[in-house]
Amino acid sequence: MILSRSTSNAYLRYCILGASGLLTTAVLAETNMSGVTSTVPEVELDEIVVTATRTPTRVSNTIAQTRVIDQEELQRYQGQTVLEVLTRQPGISYYGNGGMDKKNNFYMRGYAGNQILVLIDGIRYSALSDGSATLNLLPIDQIDRIEIVYGASGSSIYGADAMGGVIQVFTKGDDVRRNQFSVTTGAGSNDQYLYGATAQLTDGNGTALSLSASHNETDGINATLPSNSFNYNIDDDGYDSNNFSLSLNKRINEQWLAGASAIYNKSTSEFDSGIQDAYSDQKNGAAQAFVDWRYSPDSSVKLQYGHSIDESETYSNFSSTYDSKQDQISLIGQHLLPVGKGIYGAEYLRQIIDTTAYDADNRYVKSAFLGYLLNKKQFDGQINVRFDDNSQFGDETTYNVGGAYYITPDLKLGVSYAKGFRAPTFYDIYSGTETNIDLDPETSDNYELSASYTTLRQSTRLTGYYNKVDDLINFVARFDDDNNYIGGNSQNIEKAKIRGITLTSDWEINDYLIGGSYDYQKAEDDSNGINDGNVLPIRPEHKGLFYVGYRLPKLDIRAEYQYVDDYYYSISNADTQLVEDYSLFNISGNYQLNPNLILTARLNNVTNEKYVTAPNYNTDGTNFFTSLTYNWY
């Protein structure tokens with residue numbers, strides 16, 4: 001059956017009304033069951049992470065601020081992307097050019113996306129063209145969990161591209177405990193449809209296989225506003241993608257484990273570019289294989305090979321082709337010492353890019369690092385040092401040292417220092433209207449103080465940071481009198497400073513979940529030049545999110561309010577480049593209709609806020625998505 005656009009929209013409205021009604025009915029049913037005692041699972045406030053230290057570590061024992069987005073939370077974002085999840089996390093801001101699948105960039109603690117390392121199952125996942133990861137093309141339905149490590153401590157264990165932090169995405173299949181098969185179908189605003197299936201199999205003897213595939217499509221919204229006279233077209237700019245992931249793990253014996261995983265996305269995205277029917281075909285993915293030898297309960301060596309791709313062909317009045325890939329080999333070991341644990345490793349990275357947009361070829365990076373971890377009684381400590389040899393920009397040594405002391409079993413104070421370094425990307429050098437081969441690498445000094453208070457029912461952390469950056473690379477755009485982009489290139493800002501605080505607090509009170517975050521940030525030019533004292537673009541001074549949720553064994557419903565302060569889109573601080581503050585109110589929920597069937601619904605921008613994240617580019621009004629997932633066990 002094929003529905004007309006108007007009929008389809010009406011059908012979708014009925015879907016969301018039905019979903020809302022089901023969630024309301026679920027609340028009443030769950031709360032009015034007489035004679036039944038509900039056992040609500042407790043909030044997991046001390047999860048095990050690997051990104052912050054490259055070895056399994058409890059969140060409470062990490063020095064750097066670390067955040068985990070688990071499968072339960074990701075369930076509320078069906079039909080959306082990893083980027084959409086990240087925009088609601090503390091310390092992260094972003095802009096987009098007309099929809100989440102379009103060109104975008106995100107910032108974490110004042111550092112841009114190309115200064116933040118993104119990993120998929122331990123493998124670098126980024127576009128060599130601009131150095132940032134295409135998280136707007138990575139669908140949530142292929143993901144098991146996300147770990148975020150804030151600050152520059154990652155530079156000394158992962159490399160130069162982690163100067164602003166590390167985001168690691170883990171695909172499904174890492175922990176298969178039983179045979180199961182699931183199918184998901186969903187629909188949402190702007191004629192969005194999602195179809196997907198996942199199969200997970202295990203023989204109970206150490207072999208596990210996970211396969212997942214999905215298709216996501218939408219008519220989208222009109223990417224540009226009428227004020228964008230250079231690019232504006234009166235049409236919806238749609239998007240469709242096919243997504244696949246797999247994971248295979250084999251426990252050979254108690255000492256040896258081998259495995260492989262891969263994720264792949266093929267998509268087409270329409271956009272406005274001064275002509276009708278402009279679009280981009282994109283292919284993105286990452287794959288890895290490893291063997292892990294655990295020669296004692298707390299000591300092991302892991303050999304891993306990874307390969308990632310980022311390809312795009314753009315068809316418009318500015319047509320271009322990007323074809324890039326990265327190959328990575330790493331040997332990582334951890335050894336239990338009489339006091340503490342030692343971490344060591346060596347890595348080789350080769351980057352190759354083929355593009356019609358500018359002159360570039362390839363480069364490689366050879367690295368080695370050492371680390372030491374101490375988790376003993378009232379003290380946690382971490383020391384790392386890393387040496388990188390970049391074939392294009394020479395060698396550099398980065399390091400970090402941090403410690404935390406427990407004043408009481410619940411109250412911890414921490415302090416850390418990290419030295420950061422980042423080589424210019426191919427995009428930094430060759431993009432824009434003028435090539436800048438004289439760009440200098442960035443270096444930074446990063447200081448952090450924290451106080452955290454954690455109990456069985458809540459986790460609260462206050463973090464203060466101060467970053468001094470030399471030769472910060474910033475793209476300086478130029479606009480005509482009508483505020484249309486006419487060119488620009490990347491330039492070094494001699495000195496910049498970024499100061500801020502982040503407060504996060506998550507509480508469980510009986511069946512209620514309450515919490516949120518607040519960020520204050522002051523990022524500014526400190527070079528004593530013409531722009532001295534001007535704030536850096538896309539770094540709002542204030543940002544916050546508050547949520548309240550209600551959770552029962554079969555129900556999880558949440559409302560959230562997000563505020564983003566105004567900011568400048570260009571470092572020149574021209575009034576025409578001011579992006580005004582905005583507030584968003586969202587509602588999401590899951591309800592288990594029966595032991596096999598789960599309903600998910602999400603309503604974004606309930607108040608239909610009119611806002612933009614980049615001048616002249618559009619954003620969506622009130623929008624929704626609802627889905628059903630059926631599981632066979």
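Only a predicted model underlies this, so the values are computations on that prediction, with no experimental measurement involved.
The ring pair (Phe, Tyr, Trp, His ring centres under 6.0 Å) check on Tyr512 picks up Tyr550, with sequence neighbours excluded. By the ring pair (Phe, Tyr, Trp, His ring centres under 6.0 Å) test, Tyr561 pairs with no residue at all, sequence neighbours left out. Contacts of Tyr348 classified as side chain to side chain contact (heavy atoms under 4.5 Å, CB included), with partners at least two apart in sequence or in another chain: Arg350, Tyr364, Lys366. Under the ring pair (Phe, Tyr, Trp, His ring centres under 6.0 Å) criterion, Trp256 pairs with Trp293, sequence neighbours left out. Among residues two or more places apart in sequence or in another chain, the side chain to side chain contact (heavy atoms under 4.5 Å, CB included) test is passed with Asn284 by Tyr125, Thr134, Leu137, Asn265, Gln282, Asp310. Partners of Arg178 according to the salt bridge (charged side-chain N to carboxylate O under 4.0 Å, His left out) rule, which considers only residues two or more places apart in sequence or in another chain, do not exist here. Here Thr87 pairs with Leu83, Tyr94, Met100 under the side chain to side chain contact (heavy atoms under 4.5 Å, CB included) rule; sequence neighbours left out. Asp237 meets the salt bridge (charged side-chain N to carboxylate O under 4.0 Å, His left out) test with no other residue; sequence neighbours excluded. For Asp298, the side chain to side chain contact (heavy atoms under 4.5 Å, CB included) partners two or more places apart in sequence, or in a different chain, are Leu336. Scored by the ring pair (Phe, Tyr, Trp, His ring centres under 6.0 Å) test, His307 finds no partners at all (sequence neighbours excluded).
Contacts classified as salt bridge (charged side-chain N to carboxylate O under 4.0 Å, His left out) and involving residues 240-265 (residues at least two apart or in different chains) are not found.
Side-chain polar atoms of Asn590 and Asp556 form no donor-acceptor pair below 3.5 angstrom. With 3.5 Å as the limit, one finds no donor-acceptor pair spanning the side chains of Ser459 and Asp506. A donor-acceptor contact closer than 3.5 angstrom is absent between the side chains of Asn631 and Asn596.
Distance alone, capped at 3.5 Å, places no donor-acceptor pair between the Gln328 side chain and the Gln304 backbone. A donor-acceptor pair under 3.5 Å links the side-chain atoms of Gln192 to the main chain of Gly79, judged by distance alone. Distance alone, capped at 3.5 Å, places no donor-acceptor pair between the His335 side chain and the Lys341 backbone.
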Salt bridge (Lys or Arg N to Asp or Glu O under 4.0 Å) assessment of Arg602 paired with Glu84: CA-CA 13 Å; Arg602 184 172 187 88; Glu84 290 172 292; over 6 Å; no
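Salt-bridge annotation for Asp141 and Lys172: absent, with no side-chain N of the basic residue lying under 4.0 Å from a carboxylate O of the acidic one.
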Going by atom type alone, with no hydrogens or angles, which donor-acceptor pairs under 3.5 Å involve a side-chain atom of residues 49-56 and a protein atom two or more places apart or on another chain?
residue, atom, partner, partner atom, Å
Thr51, OG1, Glu147, OE1, 2.6
Thr51, OG1, Gln168, NE2, 2.9
Thr53, OG1, Thr55, N, 3.4
Thr53, OG1, Thr55, O, 2.7
Thr53, OG1, Thr57, OG1, 2.8
Arg54, NH1, Ile157, O, 2.6
Arg54, NH1, Glu347, OE2, 3.2
Arg54, NH2, Glu347, OE2, 3.0
Thr55, OG1, Gln334, OE1, 2.3

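Tested against Phe290 for a side-chain contact (heavy atoms from CB on, under 4.5 Å), the candidates Asp121, Leu257, Leu303 yield a single pass: Leu257.
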